S.K.: 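The structure that follows is given in the form of structure tokens.
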Amino acid sequence: MNERATWLRTHTCGELTLADEGREVVLNGWIENHRDHGQIVFLDLRDRYGVTQVFADQDTAAADDGLFDTLSKLGSEDVLSIRGVVRSRGADKVNKDRSTGEIEVVAHSVTVLSEAETPPFEIVDQAEANEELRMRYRYLDLRRRPLVEAMVKRSRFVTAVRTFLQDHGFLDIETPILTKSTPEGARDYLVPSRVHPGKFFALPQSPQIFKQLCMVAGLDRYYQIARCFRDEDLRADRQPEFTQIDLEMSFVEENDVLDLVEGLVVHSMKEGFGIEIPRPFPRFDFDDAIARYGSDKPDLRFGMELIDCTELAKKSDFKVFSAAVETGGIVKGLLAEGAADKFSRKQIDKLTEFVKGYGAKGLAWGKVTDKGVEGAISKFYGGDAGAELIARMGAKPGDLMLFGADSSKVVHRALGELRVQLGEQLGLRDPNEFRCCWVLNFPMFEFNDDKGIWQYAHNPFSAPVDWNVGDFGVDTENIRSRAYDFVMNGWELGSGSVRIHKPELQARVFDFLGISEQEQRENFGFVLDAYQYGGPPHGGIAIGVDRMVTLALARESIRDVIAFPKTATAYDLMAEAPGGVSPEQMAELQILSTAKVEEDGE
RNA sequence: GGGGGCGUAGCUCAAUUGGUUAGAGUACCGGACUGUCGAUCCGGUGGUUGCGGGUUCGAGUCCCGUCGCCCUCGCCA
């Protein structure tokens with residue numbers, strides 16, 4: 001053997017136990033901590049698998065003259081190979097926080113594999129440095145155990161997904177990353193073509209069209225752990241590139257897809273994170289979800305459903321209520337049980353500001369006492385009216401009632417968000433609980449107020465619920481599509497539908513949306529053509545991996561489960577991407593930039 | 001594009017109404033120490049207060065602009 005063999009590890013830093021006592025081992029890893037007591041030294045050696053304590057004193061150093069000198073020079077994050085013997089620490093010295101806490105490795109020799117500069121921040125489990133710095137040095141942040149855990153479990157999760165889908169007859173099929181821009185949907189990331197001057201590829205917002213063409217091809221069951229790209233502004237749960245479990249199945253209806261996905265979710269959450277999820281997932285009609293939770297992604301970990309008080313409000317002396325009803329609006333209430341003394345006037349003002357952020361003009365409220373309603377609306381709800389309201393709300397003394405009065409859209413939006421906010425503030429959302437559900441029968445079309453036109457609400461390939469729907473222009477807002485969302489703990493994790501597989505129907509949808517035949521040809525010509533040659537009935541879904549892993553690990557942001565994330569301005573602080581390109585590169589692509597940039601075109 | 005928060009030592013933070021030489025913890029460097037595991041003890045280095053301008057006798061602090069990060073509304077079929 002060559003030199004390598006002398007330092008090559010025999011074990012990782014996470015696997016030695018009392019069972020290995022007396023064994024000669026070689027460990028490789030980074031110095032996490034260094035405790036020098038003069039005649040005796042402790043090192044914590046870290047790798048992906050764990051941390052093992054290394055021990056050295058005068059006696060052990062006898063085997064290697066340089067050992068003590070070397071150890072005294074060592075600093076944080078130096079990379080070492082340690083050769084030594086596993087020894088029991090003794091009962092009084094066990095470190096219970098580590099799997100290797102019962103043993104230590106008595107060092108006989110050490111090889112410095114790499115010396116490290118002092119890192120710009122301390123690599124400890126509880127991050128102290130700010131995220132900006134940690135993103136710039138992501139390779140250091142990734143040494144921290146919470147990040148390692150995220151990477152390990154994410155990998156396990158994705159593997160479980162693949163195993164499940166392979167076992168259910170799905171084929172892992174790659175679709176193009178360089179594809180075609182379409183005017184609909186999110187903004188595309190574009191890639192200029194050198195060979196076709198003036199033409200551009202787009203990065204896929206999802207493999208939607210290609211997976212449907214896989215169905216036309218007869219591949220029957222497709223899946224892909226697919227990277228998707230959307231050039232829109234970021235959020236804690238949104239990155240410009242993200243990962244989806246994308247799948248599509250032929251000769252199926254809703255139940256087939258939903259059943260399969262439930263199995264997939266239960267299996268992979270268990271395998272990846274050890275999380276048990278009860279089946280079946282409850283199913284909500286879109287309208288019911290909105291009516292009961294004010295949201296199309298209800299968090300089912302707590303109740304506090306919206307209570308309709310419109311009938312009561314109609315006859316109220318309270319102008320805010322009666323006026324809302326008279327102008328075609330609604331009045332709904334939220335009941336925060338036992339919360340009356342948890343919210344001061346000031347705190348309720350804050351809730352009012354909160355709902356104003358979602359378009360509400362205000363927030364009516366009352367506290368329930370033995371004597372009736374107290375607070376802002378008490379003037380209008382004394383006596384019988386108050387008793388009636390309390391009965392309608394199902395309230396009891398000590399409860400806080402909150403009301404929204406406005407158009408249906410505003411009330412549901414504001415109270416839906418308020419419900420989640422209250423659930424958080426009152427501690428009703430158990431972070432260890434995972435409640436999934438389906439939301440079905442979404443509106444097919446949405447009216448765009450700005451543009452004054454109807455647009456599709458989900459995606460243009462979703463089939464209408466009524467297969468024989470004649471004229472989309474009649475009662476348009478009540479046409480439902482065979483689309484479904486997969487929701488977990490108030491997060492939309494997946495979205496899919498049964499697709500249109502008949503070209504005439506697809507053409508009618510495009511016609512109704514005002515997409516001319518010419519535009520249809522230009523953007524979707526090959527898709528429309530494909531369906532002329534026999535497309536099977538099919539449907540599918542795409543599930544957000546980043547969001548699902550974030551939820552499972554109870555992290556704040558999807559950045560916490562992505563190895564190399566970008567900032568809120570879609571910038572990679574580590575790679576410094578995007579960056580400039582040379583004039584030669586631009587010239588080759590026959591591209592000029594109109595951007596006013598002072599920095600040199602490096 | 002709009003709103004909000006933050007920016008002071010390598011890192012995390014402090015600094016009274018605008019007032020002396022901008023401090024602490026940690027990291028780092030040096031020393032001591034034979035059972036630590038956030039080791040401990042002693043000593044030390046370390047600052048363009050994000051950047052640019054303005055007001056003032058005097059600015060970390062006030063004003064204007066700008067840059068960066070985070071949250072959020074719009075946006076995200």
Side-chain angles (χ1 to χ4, degrees), chain A residues 32-46 51-61 72-73 75-77 87 89-90 92-98 100-101 104 106 117-137 140 182-188 205-206 208-209 228-240 242 353-354 356-359 413 417 442-446 448-450 454-462 481 483 492 495 497 509 513 515 523 542 544 556-557 559 565-571 573 598:
Chain A
E32 174 150 301
N33 194 1
H34 188 223
R35 296 176 294 279
D36 186 348
H37 290 237
Q39 298 298 305
I40 152 177
V41 175
F42 299 95
L43 289 181
D44 288 337
L45 205 64
R46 176 193 64 228
V51 176
T52 300
Q53 174 165 290
V54 175
F55 173 92
D57 67 9
Q58 293 289 20
D59 297 336
T60 70
S72 65
K73 281 189 309 204
S76 294
E77 302 305 320
R87 172 166 91 183
R89 289 197 194 184
D92 55 326
K93 304 185 192 78
V94 168
N95 184 338
K96 293 192 186 80
D97 298 331
R98 295 181 186 160
T100 62
E104 62 192 359
V106 180
E117 293 285 324
T118 302
F121 56 89
E122 291 172 69
I123 298 168
V124 291
D125 292 359
Q126 185 103 35
E128 284 174 9
N130 73 44
E131 197 178 1
E132 184 175 356
L133 193 73
R134 290 191 284 117
M135 278 199 278
R136 205 164 112 215
Y137 298 93
L140 296 181
T182 56
E184 315 296 325
R187 202 174 288 115
D188 285 320
Q205 294 175 25
S206 76
Q208 185 67 36
I209 288 171
C228 307
F229 307 85
R230 294 179 191 174
D231 187 4
E232 296 290 348
D233 287 346
L234 280 68
R235 287 284 193 288
D237 61 353
R238 258 192 254 161
Q239 285 269 303
F242 57 99
E353 286 309 307
F354 178 83
K356 280 182 178 173
Y358 297 99
R413 177 91 205 275
E417 297 287 350
F442 278 74
M444 178 120 173
F445 302 107
E446 249 168 21
N448 184 318
D449 293 325
D450 295 338
W454 287 98
Q455 296 182 320
Y456 46 82
H458 235 71
N459 91 35
F461 308 109
S462 296
S481 78
E492 184 203 314
S495 190
S497 64
V509 171
L513 293 170
I515 300 171
N523 297 317
E556 300 277 315
S557 158
R559 290 189 302 276
K566 292 183 174 57
T567 70
T569 56
Y571 187 71
L573 286 166
E598 295 113 59

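Just the heavy atoms: all of them, side chains too, but no hydrogens, waters or symmetry mates, feed the values below. Predicted model only: the values in this text are computed from it and were never measured.
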S.K.: Any Lys/Arg nitrogen of A/Arg559 or A/Glu131 sitting under 4.0 Å from an Asp/Glu carboxylate oxygen of the other?
M.R.: yes
S.K.: Heavy atoms only, 4.0 Å cut-off, all strands: where does A/Leu133 land among base, sugar-phosphate and nothing?
M.R.: sugar-phosphate
S.K.: Going by purine N1 to pyrimidine N3 plus the second Watson-Crick contact, or the G-U wobble pair, all under 3.5 Å, which nucleotide sits opposite B/U12?
M.R.: B/A24
S.K.: For A/Arg136, which contact category applies under a 4.0 Å heavy-atom criterion: base, sugar-phosphate, or nothing?
M.R.: nothing
S.K.: Consider the side chain of A/Thr118, meaning its heavy atoms from C-beta on, and name the nucleotide among B/C11, B/G35, B/A27 that approaches it most closely.
M.R.: B/A27
S.K.: Strictly below 4.0 Å, N to O, side chains only: are A/Asp44 and A/Arg35 in salt-bridge contact?
M.R.: yes
S.K.: Is A/Phe42 stacked on the base of B/G35 when the test is centres under 5.5 angstrom and planes under 30 degrees?
M.R.: no
S.K.: Between A/Gly75 and A/Tyr456, who's closer to the 5' end of RNA chain B by nearest nucleotide?
M.R.: A/Gly75
S.K.: Side chain of A/Ala568 only, heavy atoms from C-beta on: which candidate in B/C76, B/C70, B/G10 is closest?
M.R.: B/C70
S.K.: Within the 4.5 Å heavy-atom criterion, are A/Asp188 and A/Gln205 side-chain neighbours or not?
M.R.: yes
S.K.: Grab the CD-P distance between A/Glu32 and B/A27 for me, whole Å please.
M.R.: 13 Å
S.K.: Tell me whether the side-chain N/O atoms of A/Arg559 come closer than 4.0 Å to OP1 or OP2 in B/C71.
M.R.: yes
S.K.: How many Å lie between NE2 on A/His37 and C1' on B/G31, as a whole number?
M.R.: 16 Å
S.K.: Taking only side-chain nitrogens and oxygens of A/Tyr571, does any of them come within less than 4.0 Å of OP1 or OP2 of B/G68?
M.R.: no
S.K.: Report yes if a side-chain nitrogen or oxygen of A/Thr569 is closer than 4.0 Å to either non-bridging phosphate oxygen (OP1 or OP2) of B/G68; otherwise report no.
M.R.: no
S.K.: Run A/Phe121 and A/Arg134 through side-chain contact (heavy atoms from CB on, under 4.5 Å) and show every step you take.
M.R.: CA-CA 8 Å; A/Phe121 56 89; A/Arg134 290 191 284 117; 4.0 Å; yes
S.K.: Is it true that, when you exclude A/Arg136 itself, more than 12 heavy atoms of the residues, nucleotides or ligands shown sit nearer than 6.0 Å to its CZ?
M.R.: no
S.K.: What nucleotide among B/G35, B/C69, B/C71 has an atom nearest to a side-chain atom of A/Ser557?
M.R.: B/C71
S.K.: Between A/Lys93 and A/Gln53, does a side-chain contact (heavy atoms from CB on, under 4.5 Å) hold up when you go through it step by step?
M.R.: CA-CA 12 Å; A/Lys93 304 185 192 78; A/Gln53 174 165 290; over 6 Å; no
S.K.: Pick the nucleotide of RNA chain B nearest each of A/Phe121 and A/Asn95; which residue has the one closer to the 5' end?
M.R.: A/Phe121
S.K.: A/Asp36 side chain: which of B/C33, B/C73, B/C69 is closest?
M.R.: B/C33
S.K.: Using both distances under 3.5 Å as the test, list the Watson-Crick or G-U wobble partner of B/G68, or none.
M.R.: B/C6
S.K.: Does the side chain of A/Arg87 get closer than 4.0 angstrom to OP1 or OP2 of B/G35 through an N or O atom?
M.R.: no
S.K.: In whole angstrom, give me the gap between the P atoms of B/C41 and B/U36.
M.R.: 15 Å
S.K.: Out of B/C11, B/C33, B/U36, which has the shortest distance to the side chain of A/Ala129?
M.R.: B/C11
S.K.: For nucleotides B/A27 and B/G2, find the distance between their P atoms and express it as a whole number of Å.
M.R.: 43 Å
S.K.: Is the phosphate of B/C75 approached by A/Arg238 (side-chain N or O, under 4.0 Å from OP1 or OP2)?
M.R.: no
S.K.: Less than 4.0 angstrom between a side-chain N/O of A/Thr567 and OP1 or OP2 of B/C69, yes or no?
M.R.: yes
S.K.: Between A/Asn130 and B/U12, does any side-chain N or O lie under 4.0 Å from OP1 or OP2?
M.R.: yes
S.K.: So does A/Glu104 reach the base of B/G35 with its side chain, donor to acceptor, closer than 3.5 Å?
M.R.: yes
S.K.: Using a 4.0 Å heavy-atom cut-off, does A/Pro120 contact any base of the nucleic acid, only the sugar-phosphate backbone, or nothing at all?
M.R.: sugar-phosphate
S.K.: Quick check for you: among B/C69, B/C37, B/C33, whose closest atom lies nearest to any side-chain atom of A/Glu132?
M.R.: B/C69
S.K.: Under 4.0 Å, heavy atoms only, any strand: does A/Thr182 hit a base, just the sugar-phosphate, or nothing?
M.R.: nothing
S.K.: Using purine N1 to pyrimidine N3 plus N6-O4 or O6-N4 for Watson-Crick, or N1-O2 and O6-N3 for G-U wobble, both under 3.5 Å, which nucleotide pairs with B/C37?
M.R.: none
S.K.: Reckon A/Arg235 touches a base, only the sugar-phosphate, or nothing at all at heavy-atom distances under 4.0 Å?
M.R.: base
S.K.: Would you say the side chain of A/Met444 lies within less than 4.5 Å of the side chain of A/Ser462, judging by non-hydrogen atoms?
M.R.: no
S.K.: For B/G46, what is the paired nucleotide under Watson-Crick or G-U wobble rules, both distances under 3.5 Å?
M.R.: none
S.K.: Could a donor-acceptor pair under 3.5 angstrom be found where the side chain of A/Arg89 meets the base of B/C37?
M.R.: yes
S.K.: Quick one: label A/Gln53 by what it contacts on the DNA or RNA (base, sugar-phosphate, nothing), any heavy atom closer than 4.0 Å.
M.R.: base
S.K.: Give A/Phe55 one of three labels, base, sugar-phosphate or nothing, depending on what nucleic acid heavy atoms sit under 4.0 Å from its own.
M.R.: base
S.K.: Hey, does the side-chain of A/Asp233 have a donor or acceptor N/O within less than 3.5 Å of a partner on the base of B/G74?
M.R.: yes
S.K.: Do the ring centers of A/His34 and A/Phe42 come within less than 6.0 Å of each other?
M.R.: no
